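Remarks on the structure that follows.
These numbers were taken from a predicted model, which means no experiment stands behind them. Below, chain A is the first sequence line, B the second, and so on; all start at residue 1. Hydrogens, waters and symmetry mates play no part in the numbers below; they use all other heavy atoms, side chains included.
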Amino acid sequence: MTKTMTDVVCPFCGTLCDDLEVSLSDDGKQILEVYNACVIGTEKFLHSQAKDRVTRPRMRQEDGSWKEVSYDEAVEYTAKILANAKKPLMYGWSSTNCEAQSVGHEIAEMCGACVDNTAAVCHGTTLIAVQDIGIPSCTLGEIKNRADRIIFWGCNPAHAHPRHMSRYSIYPRGFFTGKGHKSRKIVVVDPRVTDTASLADIHLQVEQGRDYELLNALRVALNNEWLPDVVAGIPQEKIREVAEVCKSGRFGIIFFGMGVTQSLSKNHNIDEAIALTKHLNEFTKFSIMPMRGHYNVTGSGEVLAWQFGFPYSVDLSRGFARYNPGDTSTIDLLLRGEVDAMLTIASDPGAHFPISAVKQIAKIPSVAIDPHLTPTTGVSKLHVPVAFVGVEVGGNAYRMDNVPIDTRKVVDPPAGMLTDEEFLTKVRDRVKQLKGVK
Amino acid sequence: MANKISLNLISGRTIQQGVCIESGKEKPSYRTACGIIEMDPSDLRKMGAWKNTNVKVTSEFGSVIVKAVETTQGPHPGVGFIPMGPWANSVISPNTYSTGMPTFKGVPVTVEVAINEPILLGIELVQKQCGVKVG
Ligand code: SF4
């Protein structure tokens, strides 16, 4: 008889759905079906079982081919390149558990490394804005139960967080939102008519890159002051209508994404979005929340912040923690050619960094710790495959609203494979020997 | 007549991108999902190309061959969309303006028909640009 495991947590996006059900073969070794997940989550569980998976570390040879090596050899190479480097970079962390992150930080401290997570290319500018002016936020549970005004600004959950809308933001019936979708007004701000925009009551098709002006115009409209006829491509009547919709709600929330964090005004867009939220609180209750991408990028920020005081782009090369985006941030470090060894874990900068930064990774000693084959493993000297966190090993992760959730182990990894935490622990112990740390 | 046209490029997630990064970035399905530029039908007409034509996208930072497809999330005349991945990142702006964040959205590009040029697989595209020897 097949077994069904309930309350499984999906380790893909920041929605961190915790209601999955997975049916397993009699011996508990094979995942047969995944229920309740979206297509991406389902694919993650099912593909982890692929027959062609790489299960042992591989080192790139002179002629470009891979040679299989043991985990011990992989530990030795990794420990040596980090211990010998002047300014090693340890990047990623967003698709692994907090336990592995913490071990990684011990290594970073001993080696004087720069530590950064995928916020570098995602919500890093949000973190800068939060440090500038603070953030009035809440949990997704509060949104489900209370929010009747939902704004999606520069984010497209229909594609990036597929179950966010059904679990929390548009459709669910909550304590004070008993009519579900009908209890809520949805506003989407996006330069494209996205699949999320097509679900909205109002879509503001802002001119790309002019979000700051529109956010600012909404604040002017809240005060009933003068506006030009058109701002950022939106007629002023429409802007005033949205301001009224927001004011008339009991509890509103702005969810925002890469549309504002990655376009030209960057952290200033977020400053203004937070200022708008603060302003709206003069009329009603409003909150704001970044739509975090990787399932545990939030956790990486938390662990870094409680250990070193800063949530990303931490530079330990002087023996104490420094934080100065633009200087200590990964893209800038790579583009300036300052990094002389790189460890990538639980992320894929090869695919998601500008190509000029990836070229630098290809030039230096590098290790990529990842269950998959990726463009990063394709340019790294050593590839260390590991168990899938949230599928083959449990561990702690933080949802986009900073709520920690323990992920669950569903099946065993292929025989002999290490987890991120186990591999990093071996590297840490070897680095201790190399550095003569007691 | 085929023309070179100018667009404002943005990149971002799609659900197909999400599925394909889990099902294997070494596979052709990743290229099918992300080695594309979603364009408004009016821009395809301006370029003088049918949908599903290979095109060359060029910015001040590089160029890449992708398939021009008709957008399903439009209209958005003047805006081109390449799903996040190595194809988009071959042309987006690495400038962080001291924020640490590259400019993934809002990059001026030109697009022109390149019917005979191949669209590379994801890992291959990155390895080639980085000069990695593959055995
Ligand atoms: S919405 Fe996100 S966390 Fe939920 S099942 Fe889909 S990918 Fe997984």
Side-chain angles (χ1 to χ4, degrees), chain A residues 12-13 38-40 43-44 47 50 61 63-66 120-121 124-125 128 156 158-160 162 191-195 197 205 208-209 258-259 261-264 266-267 293 313 325-327 329-332 335 348 350-359 361-362 372-375 378-379, chain B residues 8 10-27 30 34 38 61-62 64 71-76 78-79 81 83-86 88-106 122-127 129-135:
Chain A
F12 183 80
C13 83
C38 70
V39 280
I40 308 178
E43 187 64 27
K44 177 144 194 182
H47 187 68
Q61 305 299 297
D63 65 357
S65 63
W66 287 115
V121 289
T125 45
I128 297 174
N156 189 7
H159 282 261
R192 294 184 303 146
V193 189
T194 57
D195 291 329
Q205 194 166 4
Q208 195 281 325
M258 307 294 93
T261 65
Q262 294 180 336
S263 51
L264 205 50
K266 301 198 168 132
N267 51 310
S313 293
D327 171 18
S329 39
T330 291
I331 300 290
D332 302 278
L335 290 180
D348 185 9
H352 300 134
F353 281 5
I355 190 71
S356 43
V358 184
K359 285 179 184 168
I361 303 176
H372 293 289
L373 298 180
T374 65
V379 299
Chain B
N8 180 15
I10 57 180
S11 72
R13 276 195 193 275
T14 68
I15 199 157
Q16 297 83 358
Q17 178 264 348
V19 171
C20 291
I21 62 175
E22 287 305 330
S23 58
K25 289 178 185 151
E26 72 281 14
K27 307 227 164 78
Y30 185 39
C34 301
E38 296 185 17
F61 310 101
V64 68
T71 183
T72 55
Q73 300 186 75
H76 50 70
V79 171
F81 176 88
M84 64 189 263
N89 289 333
S90 299
V91 290
I92 62 98
S93 163
N95 289 334
T96 79
Y97 305 99
S98 289
T99 65
M101 177 74 78
T103 309
F104 289 102
K105 299 191 196 256
I123 297 181
E124 191 186 4
L125 174 68
V126 174
Q127 286 176 326
Q129 294 185 82
C130 293
V132 172
K133 201 161 151 198
V134 186

Given that the side chain runs from C-beta out, which part of A/A50 has a heavy atom under 4.5 Å from chain B: side chain, backbone, both or neither?
neither
Shortest non-hydrogen separation from B/S23 to A/H47 and the atoms involved:
O-CE1, 3.0 Å
Specify the closest pair of heavy atoms between B/P102 and A/V121, including all atoms of both residues, with the distance to one decimal.
CD-CG1, 4.0 Å
Heavy-atom pairs under 4.5 Å with chain A: which of B/V134, B/I21, B/N89, B/V91 has the most?
B/N89
Below 4.5 Å from any heavy atom of chain B, which atoms of A/Q61 appear? Answer side chain, backbone, both or neither.
neither
Could you report the tightest heavy-atom contact between A/K266 and B/N95, atom names first, then the distance?
NZ-O, 3.4 Å
Interface moiety of B/E124 toward chain A, non-hydrogen atoms closer than 4.5 Å
neither
At a 4.5 Å cut-off on heavy atoms, which part of A/S329 comes close to chain B: side chain, backbone, both, or neither?
side chain
Taken to the nearest 0.5 Å, the spacing of A/N156 CG from B/T14 OG1 works out to 9.5 Å
Please classify the contact of B/L125 with chain A as side chain, backbone, both or neither, using a heavy-atom distance under 4.5 Å.
neither
B/V19 backbone acceptor or donor facing A/E43 side chain under 3.5 Å:
no
Interface moiety of A/A357 toward chain B, non-hydrogen atoms closer than 4.5 Å:
neither
Can you measure from CD1 (A/I40) to CD1 (B/I15) and round to the nearest 0.5 angstrom?
4.5 Å
With a 4.5 angstrom heavy-atom cut-off, which part of A/D195 approaches chain B: side chain, backbone, both or neither?
both
For the residue pair B/K25 and A/D348, establish whether any side-chain heavy-atom pair is separated by less than 4.5 Å.
yes
Most contact-rich option vs chain B, by heavy-atom pairs under 4.5 angstrom, among A/C38, A/G209, A/A120, is A/A120
For A/K44, which atoms come within 4.5 Å of any heavy atom of chain B: side chain, backbone, both, or neither?
both
Between CD of A/Q262 and OG1 of B/T99, what distance do you get to the nearest 0.5 Å?
10.5 Å
About how many Å separate NZ of B/K27 and CG of A/L373, when rounded to the nearest 0.5 Å?
8.0 Å
If you define the side chain from C-beta out and look only at heavy atoms, does anything of A/T374 sit under 4.5 Å from B/Y30?
no
Against chain B, label A/A362 side chain, backbone, both or neither, depending on which of its atoms sit under 4.5 Å from a heavy atom there.
side chain
OG1 of A/T194 to NE2 of B/H76, rounded to nearest 0.5 Å, is 10.0 Å
Are A/I355 and B/F61 close enough that some pair of their side-chain heavy atoms sits under 4.5 Å apart?
no
Nearest heavy-atom contact between B/V132 and A/G378 is CG1-O, 3.7 Å
I'd like to check the ring-ring contact (aromatic ring centres under 6.0 Å, His included) partners of B/F81; sequence neighbours left out, ordered by chain and number.
none
Residue that, paired with B/M101, satisfies side chain to side chain contact (heavy atoms under 4.5 Å, CB included) out of A/D332, A/I128, A/T125
A/T125
Would you name the heavy atoms of A/Q208 and B/N8 that are closest together and state the gap between them?
OE1-ND2, 2.9 Å
Checking A/S313 against chain B: side chain, backbone, both or neither under 4.5 Å from a heavy atom?
neither
Heavy-atom contact with chain B under 4.5 Å, split by part of A/F353:
backbone
Name the member of B/G18, B/G62, B/G131 that forms the most heavy-atom pairs with chain A at distances under 4.5 Å.
B/G18
Within the 3.5 Å criterion, strictly below it, is a donor on B/E26 or A/H372 matched to an acceptor on the partner's side chain?
no
Minimum side-chain heavy-atom gap B/M84-A/M258 below 4.5 Å
no
Nearest-0.5 Å distance, OG of residue A/S356 to CD1 of residue B/I92:
7.5 Å
Least distance between heavy atoms, B/I123 atom then A/P375 atom:
CG1-N, 3.7 Å
Among the options A/I361, A/V39, A/T330, pick out the one with the most heavy-atom pairs lying under 4.5 Å from chain B.
A/V39
